[in-house]
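Below, chain A is the first sequence line, B the second, and so on; all start at residue 1. Only this structure's heavy atoms are used, side chains among them; waters, hydrogens and symmetry mates stay out. If you're wondering where the values come from, they're calculated on a predicted model, not measured in any experiment.
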Amino acid sequence: GQNIDQPTEMTATEGAIVQINCTYQTSGFNGLFWYQQHAGEAPTFLSYNVLDGLEEKGRFSSFLSRSKGYSYLLLKELQMKDSASYLCAVSRLNSGYALNFGKGTSLLVTP
Amino acid sequence: NAGVTQTPKFRILKIGQSMTLQCTQDMNHNYMYWYRQDPGMGLKLIYYSVGAGITDKGEVPNGYNVSRSTTEDFPLRLELAAPSQTSVYFCASSADGGFSYGYTFGSGTRLTVV
């Protein structure tokens, strides 16, 4: 089975940096994904890590440590539009590479 | 526009009724998935398919059925609707298990069973 944990809620200030952590336990690990989901909308792809280290894409970066079962999503220069739910998901080699999601972290960006 | 199309967007069912949630993708993706999302619970995998004619159960398959007769279509069938099936349903697809471009999600179907 799998267990994916991430904080339920976070609050940060516009222009600041926020780090959202995710820990996981799984067999057949095939990669870790981060998705953004605004209320009432579908999840949208942010990043993918399969090897240890940092992946940077503009204001968003994601880090993975496979030995520790740990990832984080780093959001820089926060904007009001970044207020959303951030979903950590693990892909497994079996189950057709289906994603197993954490419960999501609701991020509120305040002025 | 290329992507994953889900219909309907909203539906209200009475207990015991049946319906099919439609999902179509035009990206020639082999892998397709159905998820349900309940408030505060994250997305749960219902069924998945790795290609036409091949389907398998996910984490929460009870009360649902699927078929995959073509690469493009992956409908989800609810036979006897129950209040516990009130949820938002998302269909997703990927070309290669998400390695290149992640998984593409449809806009969702919001289902209420009363």
Sub-4.5 Å side-chain heavy-atom contact between A:L99 and B:Y35: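 In contact.
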Pairwise side-chain contact, A:P43 with B:Y103, heavy-atom cut-off 4.5 Å (strictly under):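 Not touching, per the 4.5 Å side-chain cut-off.
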Proximal to chain B - members of residues 101-111 of chain A, heavy-atom separation under 4.5 Å: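 Interface residues of residues 101-111 of chain A: A:F101, A:G102, A:K103.
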Set of salt bridge (Lys or Arg N to Asp or Glu O under 4.0 Å) partners for B:K57, sequence neighbours left out: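 B:K57 satisfies salt bridge (Lys or Arg N to Asp or Glu O under 4.0 Å) with no other residue.
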Residues in residues 67-76 of chain B near chain A [non-hydrogen atoms, under 4.5 Å]: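 At a heavy-atom separation under 4.5 Å, chain A is reached by no residue of residues 67-76 of chain B.
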Neighbourhood of chain A inside residues 105-114 of chain B, taking heavy atoms under 4.5 Å as contact: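 Result: B:F105, B:G106, B:S107, B:R110.
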Using a 6.0 Å cut-off, check whether atom [atom1] of [X] has over 12 heavy atoms from anything other than its own residue.
{"X": "B:I12", "atom1": "CD1", "value": "no"}
{"X": "B:M27", "atom1": "CE", "value": "yes"}
{"X": "B:E79", "atom1": "CD", "value": "yes"}

Distance (rounded to the nearest 0.5 Å) between B:L45 CG and A:N100 CG: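 Here the rounded value is 8.0 Å.
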CZ-OG distance between A:F33 and B:S94, expressed to the nearest 0.5 angstrom: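 Atom-to-atom, A:F33:CZ and B:S94:OG are 8.0 Å apart.
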State plainly whether one hydrophobic cluster holds both [X] and [Y], where clusters connect Ile, Leu, Val, Met, Phe, Trp and Tyr through side-chain heavy atoms under 4.5 angstrom apart.
{"X": "A:L64", "Y": "A:L46", "result": "yes"}
{"X": "A:V50", "Y": "A:L93", "result": "yes"}
{"X": "A:M80", "Y": "A:Y86", "result": "yes"}
{"X": "B:L21", "Y": "B:M32", "result": "yes"}
{"X": "B:I46", "Y": "B:L13", "result": "yes"}

Distance flag, aromatic centroids of A:Y97 and B:Y31, threshold under 6.0 Å: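 Yes, the ring of B:Y31 comes within the 6.0 Å limit of the ring of A:Y97, centre to centre.
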B:Y33 side chain to A:G96 backbone, donor-acceptor under 3.5 Å: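 Indeed, once roles are kept as given, a pair shorter than 3.5 Å links the two residues.
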